[in-house]
Amino acid sequence: MGKDTYYLTTPIYYVNDVPHIGHAYTTVAADVLARWRRLNGDRVHFLTGTDEHGQKVARAAEERGMTPQQHCDDILPRWKEMLGLLHISNDDFIRTTEDRHEARVQEFMQRLYDQGDLYKSTYVGPYCVRCEGYYAEAELLEGELCPIHRQPVERLEQENWFFRLSKYAPALLDLYDAHPGFVQPDVRRNEVRAFVEAGLEDISATRTEFSWGVPCPWDDGHIFYVWFDALLNYITAAGYGADEEAFSRRWPADVHLIGKDILRFHAVYWPAMLIAAGVEVPHQVYAHGFLLVGGEKMGKSNATGIRPSELVEHFGIDCYRYYFLREISFGQDGTFSWESMEERYTTDLANDLGNLVNRVLNMVGSYRDGVVPAPTGAAGDAEAQLSRDRETALAGLAAFDRLAFKKGLEDLWQLVGGVNRYVEARQPWALNKQGADDDLDRVLYECVDALRVIAVLTSPVMPDMAQSLWAKLGLDEALEDQRLPEAGEPGGLVPGVRTERGQVLFPKLEE
RNA sequence: GGCGGCGUAGCUCAGGGGUUAGAGCACUCGGCUCAUAAUCGAGUUGUCGGUGGUUCGAAUCCACCCGCCGCUACCA
C-alpha cells in the first residue's frame, strides 16, 4: 500500500502552557486545511496532541505534589477543551506519555544507536544548582543569572549521548535545494539554510539530571531529550513500527504546521533524524508568523490576557475561525485587535454574507412561498458575470493548498459580493411588481444556487455557519457529502426545495 | 558584527523596469428599497523611507544612508 492519505499535523502542545490564541491559531489553520482537503475528496489524517515530558513538567508536578503523570492527566482536559471549543476535526490525538509513542521512540533511537549515529560525550552548559537543572543560553538573565533565582549559574559537565547532526548537514542542504518547498515560507527557508550552511554541531540527545522522559534502552539513567521524543510523535502516531500499512498510507506527512519559534527543530533536527533512520522526510514544514497583541509579541505575560473562549463567546466560533485566517497573511506576523475583529464581523460576515443570505431567502419566501423555482427566464450578462465571480471563488480557494488562507478568502468573497451585485443588477423586487415571473424565477434560482455554493466553499472555514446555511436551503443531501469540484458547479440546486429564512446569520454585535 | 527581510493612500496590505500606482476598510456623494440603516454605483487622498546611480524609462534593478524586524543552536 502506498501513500494515499493527506497527512497534516500541528505541533504537540506543551502541557504546561495555557492554551492561548497562538496555539488556537495554528490549530484552526490546520483544521481548515484538513477540512479543505476532505472537501476535495482526499482521505485525510489530521494529528494533534500534547508533549508531556521534560524538566519543566517534572518541576511543575513536584510543586503541586503530584507525579508528573498525574499532573499531565490533570492538565490534559484544558487542551482537549480547546479542540472542542474551536470545533477541531482531528483524526487522532497523541500524548507522548502513551505506550504507542514511547515504545516506538525507543526503537527509533535504538536504531540510531546501533548504526553509530549516537555517541557518548560531554555536554557543558549553564547549570543552576538551586534549580538542579541546565538552562539555555538564551534563557539566562543579564550577567549569566538563573531566570528563577537570579543567581549566577555555573558551567557543569554531563555525560550525554550525542546525535551526529553535523554528519547530515550536506544531506540537509541537498534537501533544501532540491525541494524549495520543504521549508516555507521562503524567508524561513533562507534562515534555515543559512543556519545549516554555517556549520552544525552535534546535539545532545539524552539527559540524566532528571528522569521524566522516555528511558534510553541501552543506558540506564539516561532519558531522551524531549525534542527527540516530541518530534517523533509525527511518525509514532502515524503507525511507524506498529502498523506499517497505516504508516505507508500516511507517511511522509504532507505538511507540519508550526510557529516560527520551533522552526529549527522541525526543519533541521527532524529531517536529520529521519534521514539517519532511513525514513522519508515530510513534504513540507510550514512556519506561520506570530500573533501580535497591542503591537507586542504574544508572550506568556500577555497571552493569557485574551482567551480563545472569550473571543468565541463574543464573536462566535465561525467568526473566530474566519477572522484570523482572513485578517493575517499566514506566513507573516499579524496583529490581533478586538477592533479589527469587530470590523471583520460587521463588514464581511454580517453585512456581506449574513445579510445576503437573509435578503435572498426573504425574497424566495415572499415571492415564491419559500420554494425554489426552476430557472425558466433567459440568462444574460448578469448571469455571466455571476458565473465569473463563482469561477474566481473556486479558483481562488485553491490558495488554501499553499496555506494562503487570506488570499483564498478574499477570492471567495468575490462571490459573496457577486451575488449582492447580481441582485442589484436584476432587481427581483421590480420583476415581482412587473409580474415578470420567468425572469424572477431565474433570478431567485441563481441566487439560491449561489448560496448553495457559498455554503460548500465556506464549510472548511466556518463549518457551523455553513451547516446552518445549508439547513436553510432545505437540500436533501448532506453538506458533509459535498465534494469539489462537482459541488461548486452551477445548477446543482434541484428546483422545488423549500427554503427556510429562519434566524439571521451573524446578527449585529451588541454595542 | 554576519546573513536575510521590510518601509507603497488615514488604517491593513497587494504589486514590482514601461501608458494616468492598486485592493479592502474608513470617508464623501448618488441610486435602490428585497435585506441585519444592509446593498449597489461613483469619487477624494499617495514626494511608492532618503540620497545618488544604471536605463530611452524605476515604486520596481544597483550602491549608500535612515528606521523597524527575523536568524545567528541544545526551555519547550
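Below, chains carry the letters A, B, ... as their sequence lines are ordered, and counting in each starts from 1.
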Is the shortest side-chain N/O distance from A/Tyr225 to OP1 or OP2 of B/A76 below 4.0 Å? yes
Regarding [X], tell me which of base, sugar-phosphate or nothing describes its non-hydrogen contacts under 4.0 Å with the strands shown.
| X | value |
| --- | --- |
| A/Trp413 | nothing |
| A/Phe195 | base |
| A/Gln332 | sugar-phosphate |

Any N/O pairs under 3.5 Å between the protein and nucleotides 28-33 of chain B? List them or say none.
| from | atom 1 | to | atom 2 | distance (Å) |
| --- | --- | --- | --- | --- |
| B/G31 | N2 | A/Glu424 | OE1 | 3.3 |
| B/C32 | O2' | A/Trp429 | NE1 | 3.4 |

For nucleotides 7-12 of chain B, which of its nitrogen or oxygen atoms have a protein nitrogen or oxygen under 3.5 Å away, and what is each distance?
none

Quick one: ring-ring contact (aromatic ring centres under 6.0 Å, His included) partners of A/Tyr127, sequence neighbours excluded?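 ring-ring contact (aromatic ring centres under 6.0 Å, His included) list for A/Tyr127, sorted by chain: A/Tyr134.
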Could I get the full list of ring-ring contact (aromatic ring centres under 6.0 Å, His included) partners for A/His179, not counting sequence neighbours?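 Checked A/His179 against ring-ring contact (aromatic ring centres under 6.0 Å, His included); zero matches.
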A/Phe506 and A/Tyr345 aromatic centres sub-6.0 Å: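 That pair passes the under 6.0 Å test.
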Do the two ring centres, one from A/Tyr113 and one from A/Trp161, sit under 6.0 Å apart? yes
Using the 3.5 Å cut-off, write out each protein N or O paired with an N or O of nucleotides 2-5 of chain B and the distance between them.
none

P atom, B/G18 versus B/C62: distance in rounded Å? 15 Å
5'-to-3' dot-bracket of RNA chain B (Watson-Crick, G-U; under 3.5 angstrom; crossing pairs as [ ]; | other strand): ((((((((.[[[[.)..(...]]]].(((((.......))))).....[[[[[..)....]]]]])))))))....
Do any pairs count as a salt bridge (Lys or Arg N to Asp or Glu O under 4.0 Å) and have a residue in residues 180-190 of chain A, sequence neighbours left out, and if so which ones?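 The answer is A/Asp186-A/Arg189, A/Arg188-A/Glu191.
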With ring-ring contact (aromatic ring centres under 6.0 Å, His included) as the rule and sequence neighbours excluded, what pairs involving residues 404-452 of chain A come up?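 Residue pairs with at least one partner in residues 404-452 of chain A: A/Tyr322-A/Trp413, A/Phe330-A/Phe405, A/Phe400-A/Phe405.
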Under 3.5 Å donor-acceptor pair, A/Ser366 side-chain atoms to B/C34 base atoms: no
Listed partners of A/Glu197 passing salt bridge (Lys or Arg N to Asp or Glu O under 4.0 Å), at least two apart: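 Partners of A/Glu197 by the salt bridge (Lys or Arg N to Asp or Glu O under 4.0 Å) criterion, ordered by chain and then number, come out as A/Arg193.
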Taking salt bridge (Lys or Arg N to Asp or Glu O under 4.0 Å) as the test, write out the residues that go with A/Lys406, two or more places apart.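 Residues passing salt bridge (Lys or Arg N to Asp or Glu O under 4.0 Å) with A/Lys406: none at all.
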Which residues, if any, of residues 436-446 of chain A bring a heavy atom under 4.0 Å of RNA chain B?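 Output list: empty, so none.
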Please state how far atom CG in A/Asn355 lies from atom P in B/A38, giving the value in whole angstrom units. 9 Å
Please list each protein N or O that sits under 3.5 Å from an N or O in nucleotides 25-27 of chain B, with the distance.
| from | atom 1 | to | atom 2 | distance (Å) |
| --- | --- | --- | --- | --- |
| B/C25 | O2' | A/Glu343 | OE1 | 3.2 |
| B/C25 | O2' | A/Glu343 | OE2 | 2.8 |

